[in-house]
*Asks:* 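Here it is, the structure in full.
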Protein chains: 2
Amino acid sequence: MYRYAGVVSDSDRTGAAPGRPRSEAARQAVLEAVDDMLVEIGYAAMTMKGIAQRAGVGRQTVYRWWATKAEILLEASSGDADHELASPPRADPADDLAGFLTALATFLTVSPAGLGYRALLGEAQHDPAVRDLVRDADLLGRAARTVLDRVRPHAPAMPEARLASAQLTGPVVALVLETGQPLPATMLAEHARILISAWRNDRPADGNGVS
Amino acid sequence: MYRYAGVVSDSDRTGAAPGRPRSEAARQAVLEAVDDMLVEIGYAAMTMKGIAQRAGVGRQTVYRWWATKAEILLEASSGDADHELASPPRADPADDLAGFLTALATFLTVSPAGLGYRALLGEAQHDPAVRDLVRDADLLGRAARTVLDRVRPHAPAMPEARLASAQLTGPVVALVLETGQPLPATMLAEHARILISAWRNDRPADGNGVS
DNA sequence: TAGATTCGAGACACCTTGCCTCGTAAAGGA
DNA sequence: TCCTTTACGAGGCAAGGTGTCTCGAATCTA
């Protein structure tokens with residue numbers, strides 16, 4: 001069962017495959033077909049059969065390189081994700097976070113790669129293998145960490161990366177998954193402002209608060 | 001472990017249905033079968049055919065009352081959700097939030113109803129109809145709002161309910177969806193503490209922060 | 001009791017899946 | 001250059017799910 005891993009770099013391919021692919025054209029055609037079909041007909045209506053037809057490729061060729069729809073989708077999405085989730089640095093930390101959140105919200109609601117990621121995350125709830133795939137790829141986490149590293153100097157109370165990343169992206173991701181709708185820019189900005197306000201001030205929780 | 005909670009109220013059914021259900025037994029059998037099968041074989045392996053067999057019911061009977069697997073799942077899960085997500089009030093606001101977050105994490109990773117909700121949220125990424133179903137049910141949002149209302153008096157800077165709810169539950173939901181693993185209690189507690197710290201202090205964002 | 005409607009059961013056509021086999025075309029090695 | 005190797009497109013195949021339809025029987029309502 002030799003096939004490309006998708007997430008793996010090009011150089012990794014040289015190793016195990018008994019026969020190298022004769023043409024990258026077939027692989028590319030499949031990846032492009034998946035990208036297009038995801039937007040046009042949606043994940044549910046997308047079948048291995050349909051993908052092969054749309055790509056002008058034999059069914060067996062698809063099965064040769066990918067075991068499931070999810071694997072194709074991950075390979076088709078992961079490349080674009082890094083690029084689309086990169087937000088330019090801003091001087092003000094809250095603006096920096098807000099910029100990233102805007103890119104994230106656009107990614108999740110507009111971009112084909114983002115639609116692919118959502119479909120993948122959906123499939124991960126049904127199939128443990130896909131869940132591992134998504135967790136290991138960690139598309140959102142890696143992108144978030146880039147921004148968080150920029151902001152950290154201005155936010156002494158920022159928690160460990162895993163929690164900080166979840167606090168930053170979680171609300172946006174969850175809201176989009178639950179509603180499917182884009183989020184208002186003001187809400188994103190306020191979320192960023194509140195997070196920064198919490199991460200700046202390192203006063204530990206005191207026990208009171210009861211009236 | 002049977003329940004009758006449907007999102008659809010009893011009275012709703014009177015409208016369109018040409019005849020009321022003769023026995024609730026058939027409906028109950030289906031709901032219980034779905035609950036069991038979700039844990040035993042998972043959502044993906046669950047078929048309408050299998051549900052009917054497991055429930056000892058004709059296939060048409062299933063299709064008569066629910067159009068899709070998702071509808072059955074929502075009805076089977078939503079009843080338990082309210083109960084399982086209810087956390088007892090605590091004197092300290094941070095503890096109150098942490099208690100809710102613990103219940104939420106347990107719900108999402110252990111409870112059959114929580115597994116159902118995750119499967120539903122997954123399906124929502126593939127099927128717009130399910131997305132609307134999940135959004136309208138708003139299981140997590142309603143539960144969160146109960147806690148947030150208790151905490152609000154101690155948190156003058158808490159944002160509007162929608163954002164506050166997302167900030168509270170989003171990180172937990174997203175993390176569970178992406179990894180499938182339970183979250184450490186310390187992380188939940190720290191998340192609660194950080195949120196409270198931000199919501200307590202209503203200092204508006206100042207423009208500085210640049211070194 | 002009489003009519004209406006749901007019930008379990010199963011047949012049906014249609015579709016997708018994953019594997020298999022063709023004959024063909026294009027790589028790489030000698 | 002020739003020849004071996006391997007992927008390639010195409011399509012057949014069994015298995016299984018879907019959603020609709022039809023039956024006779026059970027059961028509720030009037």
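In what follows, every chain begins at residue 1, and chains take the letters A, B, ... in the order their sequences are listed.
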*Asks:* When you measure from every atom of DNA chain C, which of residues 116-133 of chain B have a heavy atom less than 4.0 Å away?
*Replies:*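 Contacts with DNA chain C under 4.0 Å: none.
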*Asks:* Using Watson-Crick and G-U wobble pairs whose two distances are both under 3.5 Å, how do you write the pairing of DNA chain D as dot-bracket, with | for links to another strand?
*Replies:* ||||||||||||||||||||||||||||||
*Asks:* Using residues 136-143 of chain A as the side-chain source, report each donor-acceptor pair under 3.5 Å to any protein atom, sequence neighbours left out, with the distance given to one decimal.
*Replies:*
from, atom 1, to, atom 2, distance (Å)
Asp138(A), OD1, Gly141(A), N, 3.4
Asp138(A), OD2, Arg145(A), NH2, 2.8
Arg142(A), NE, Ala137(A), O, 3.3

*Asks:* Quick check: do Arg27(A) and Thr61(A) have side-chain heavy atoms less than 4.5 Å from each other?
*Replies:*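 Of all side-chain heavy-atom pairs linking Thr61(A) with Arg27(A), none is under 4.5 Å.
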*Asks:* Suppose we screen for side-chain contact (heavy atoms from CB on, under 4.5 Å). Which residues come up paired with Glu123(B), at least two apart in sequence or across chains?
*Replies:*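 Residues passing side-chain contact (heavy atoms from CB on, under 4.5 Å) with Glu123(B): His126(A), Tyr43(B), His126(B), Val130(B).
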*Asks:* Taking salt bridge (charged side-chain N to carboxylate O under 4.0 Å, His left out) as the test, write out the residues that go with Glu40(A), two or more places apart.
*Replies:*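 Partners of Glu40(A) under the salt bridge (charged side-chain N to carboxylate O under 4.0 Å, His left out) test: Arg54(A).
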*Asks:* With sequence neighbours excluded, tell me which residues meet side-chain contact (heavy atoms from CB on, under 4.5 Å) with Ala189(B).
*Replies:*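 Once residues adjacent in sequence are excluded, Ala189(B) has no partner under the side-chain contact (heavy atoms from CB on, under 4.5 Å) criterion.
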*Asks:* Taking only heavy atoms on the protein side, list every residue of residues 47-57 of chain B lying under 4.0 Å from any atom of DNA chain C, sorted numerically.
*Replies:*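 Only Gly56(B), Val57(B) qualify.
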*Asks:* Using the test salt bridge (charged side-chain N to carboxylate O under 4.0 Å, His left out), find all partners of Glu178(B) that sit at least two apart in sequence or belong to another chain.
*Replies:*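 Per chain and number, Glu178(B) pairs via salt bridge (charged side-chain N to carboxylate O under 4.0 Å, His left out) with no residue.
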*Asks:* Can you name the residues that form a side-chain contact (heavy atoms from CB on, under 4.5 Å) with Asp96(B), not counting sequence neighbours?
*Replies:*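 Partners of Asp96(B) under the side-chain contact (heavy atoms from CB on, under 4.5 Å) test: Arg90(B), Val147(B), Arg150(B), Val151(B).
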*Asks:* Taking only residues at least two apart or on different chains, which pairs with a member in residues 124-134 of chain B satisfy salt bridge (charged side-chain N to carboxylate O under 4.0 Å, His left out)?
*Replies:*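 Sorted pair list: Asp132(B)-Arg135(B).
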*Asks:* Report the residues that fulfil side-chain contact (heavy atoms from CB on, under 4.5 Å) with Pro182(A), sequence neighbours left out, ordered by chain and then residue number.
*Replies:*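 Scan of Pro182(A) (side-chain contact (heavy atoms from CB on, under 4.5 Å), adjacent residues dropped) gives Thr109(A).
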*Asks:* Which pairs of donor and acceptor atoms, one on a side chain in residues 161-171 of chain B, lie under 3.5 Å apart (sequence neighbours left out)?
*Replies:*
from, atom 1, to, atom 2, distance (Å)
Gln167(B), OE1, Trp199(B), NE1, 3.2
Gln167(B), NE2, His191(A), ND1, 2.9
Thr169(B), OG1, Ser165(B), O, 2.9

